[in-house]
Amino acid sequence: MQWRNSTDSYGLIGRLLHWLVAVTVFGLFGLGIWMRGLDYYSSWYRAAPEIHKSIGMLLFGQMLVRVAWRFFSPGPAPLASHGSLVQVATRLMHELLYLGLFAVMIAGYLISTADGRSIEVFGWFAVPASVTSLANQADLAGMIHKYLAWLLVILAALHALAALKHHFIDRDSTLLRMAGRVSKAQVSIR
Amino acid sequence: MLKKRFIALALASTLFGGQALAADYVIDKEGQHAFVNFKISHLGFSWLYGTFKDFDGTFSFDADKPEASKVKVNLQTASVDSNHAERDKHLRSPDFLNVAAHPTATFESTSVKSTGKNTADIAGNLTLNGVTKPIVIAAHFLGEGKDPWGGYRAGFEGNTTLKLKDFAIEKDLGPASQTVELILSIEGVRQ
């Protein structure tokens, strides 16, 4: 089992980071929608936003690690079967997902820290406020957070659809190499 | 000094068309000696206080004829501040004040009834969250007189209690929190 990415496959670290972010993003999205409709007397009324914010802050840290890992251990080269248009589209989508992720997390952070309060992460540590008291900060950041979150899950869904298309229609190893089955897959497909 | 006063008088008569304005006041927004505060119970255990930072208004008042008094206030609901940015964001949302749809609240008196030496009931229409309803503010005249800077001021405090549901605020905060008390502390500068 290799840890680092190679020229034709993703290593364990890269795959773990990818799938953990995927699960977290959809989990946070669902939690975010659900918690907004909670009754004031629901036992989740206070806990759900705290969990949402704590996981969001941890995701931010994880994304920093992921970006650093990309520099340390670049991902595999595009598959030879992918044309230049597919390669450009793939790259653009990956960049949008990274950008969108950071943007939605920063916007969320700016809601909760708008008046200088810090964000408690599961009571382990607190992320202090930085930018505060911008005009209408909490409301503006809230609107941006909501729309970016929708945009992000739509992009992620398209990203997943594209992977499925590569797997079932093109029958290439795009999805399999992110699932850690690249060598066998390549043998069986080629 | 005399010249200055003359200019001020000339200016006032130009602006107000020379009407008799002896007892017309503008709420002191400039120096902000005026507050629209509210308090609401939190679960029945404590009071949560908040304020509206942006409002203006006028009143007319003559201590000898309190029943002829009038008051009008315009308030920007987005200026709600309860010392917690996330809560204020929630208060501005459609769960509470729905400020995008109803950015202003207004109160205009319709009649004033003296209830004691320095107290009166001010009846009027309150428009809040798009709903207009008659309310009564129990007002207390605190004092009036020359201020140290050449002006003349009068001040009041008033209280009224609103049912949240009366003004289409549907978020249920629990049985102890069905009403909110408004506490108005108003100083006017005579024009």
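Just so it is clear: chains get the letters A, B, ... in the order the sequence lines come, proteins before strands, and each one is counted from 1.
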Tell me whether the count of non-hydrogen atoms from other residues, nucleotides or ligands lying under 6.0 Å of [atom1] in [X] goes above 12.
X	atom1	result
B:K29	NZ	yes
B:K165	NZ	yes
B:K72	NZ	yes
B:K133	NZ	yes
B:W149	CH2	yes

**Message:** Assigning hydrophobic clusters by single linkage (Ile, Leu, Val, Met, Phe, Trp, Tyr; side-chain heavy-atom cutoff under 4.5 Å), is A:L38 placed with A:F29?
**Reply:**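 Yes: a chain of side-chain contacts under 4.5 Å links A:L38 to A:F29.
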
**Message:** Tell me which of these, B:H90, B:K171, B:K89, has more heavy-atom pairs under 4.5 Å with chain A than the rest.
**Reply:**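 With the most close heavy-atom pairs to chain A, the winner is B:K89.
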
**Item:** Considering all heavy atoms, the nearest B:A85-A:A114 contact
**Value:**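 In terms of heavy atoms, the two residues are closest at CB-CB, 3.7 Å.
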
**Asked** Nearest heavy-atom pair of A:Y41 and B:P175: which atoms, and what distance?
**Response**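 Answer, listing the atom of A:Y41 first, then B:P175: OH-CD, 3.8 Å.
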
**Message:** Please rank A:S112, A:G142, A:S133, A:G116 by heavy-atom pairs under 4.5 Å with chain B and give me the top one.
**Reply:**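 Among A:S112, A:G142, A:S133, A:G116, the one with the most close pairs to chain B is A:S112.
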
**Request:** Could you tell me which portion of B:N83 (side chain, backbone, both or neither) has an atom closer than 4.5 angstrom to a non-hydrogen atom of chain A?
**Result:**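 For B:N83, backbone heavy atoms alone lie under 4.5 Å from chain A.
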
**Message:** Could you measure the distance from the NE2 atom of B:H84 to the CG atom of A:D115? Nearest 0.5 Å is fine.
**Reply:**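 Here the interatomic distance stands at 6.5 Å.
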
**Item:** Verdict with reasoning, A:R117 to B:E86, per side chain to side chain contact (heavy atoms under 4.5 Å, CB included)
**Value:** CA-CA 10 Å; A:R117 280 180 171 72; B:E86 271 183 353; over 6 Å; no

**Asked** Do the non-hydrogen side-chain atoms of B:L43 and A:Y40 ever get within less than 4.5 Å of each other?
**Response**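 In contact.
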
